[in-house]
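FYI, the numbering just counts along the sequence from 1.
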Amino acid sequence: MNPVSGSHLLAGYPLTVAAVALIVFALFVAAVTTLMRTQSEHSVSEICLWLLAIFFVPALGPLAFLSIAVKRHHNDRRQGIA
């Protein structure tokens, strides 16, 4: 009998799935909150496209939006806009 087979491999699986789901949910909340706080900087079509990306591309959509928003914020601060 193989000591690696059986339920030992899946012992931490529910905890891992819960941790990943929590991280994805936190990214989702952070992205939507940031988008709504900075909505005056975006056109309506940009907001709609970002919301679609955030909702339908679970981890990459929020990460893409947050990375672009942070980069834009830092560029604005360097130029003295915000």
- Task: Looking only at non-hydrogen atoms, find the nearest pair between P58 and V24 and report the distance.
- Result: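 Closest approach of P58 to V24: O-CG1, 3.8 Å.
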
- Note on the structure: In short, E41 meets E46 closest at the heavy-atom pair O-OE1, 4.2 Å

If you group Ile, Leu, Val, Met, Phe, Trp and Tyr by side-chain heavy-atom gaps below 4.5 Å, do [X] and [Y] land in one group?
X	Y	answer
F25	L52	yes
L60	F28	no
L22	I54	no
I47	I68	yes
L15	V20	no

- Roughly how far, to the nearest 0.5 Å, is CH2 of W50 from CG of L66?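 One gets 9.0 Å once the value is rounded to the nearest 0.5 Å.
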
- Query: Rounded to the nearest 0.5 Å, what separation is found between the NE2 atom of H42 and the CG atom of L51?
  - Reply: 10.0 Å

- Indicate yes or no: at least one non-hydrogen side-chain atom of V44 is less than 4.5 angstrom from one of Q39.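 No, side chains not in contact.
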
- Message: Given F65, which partner from the list T34, L27, V32 fulfils the side-chain contact (heavy atoms from CB on, under 4.5 Å) test?
- Response: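 Running side-chain contact (heavy atoms from CB on, under 4.5 Å) over T34, L27, V32 with F65 returns exactly one hit, T34.
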
- Item | Full working for side-chain contact (heavy atoms from CB on, under 4.5 Å) between S67 and L63 | CA-CA 6 Å; S67 66; L63 281 174; 5.9 Å; no

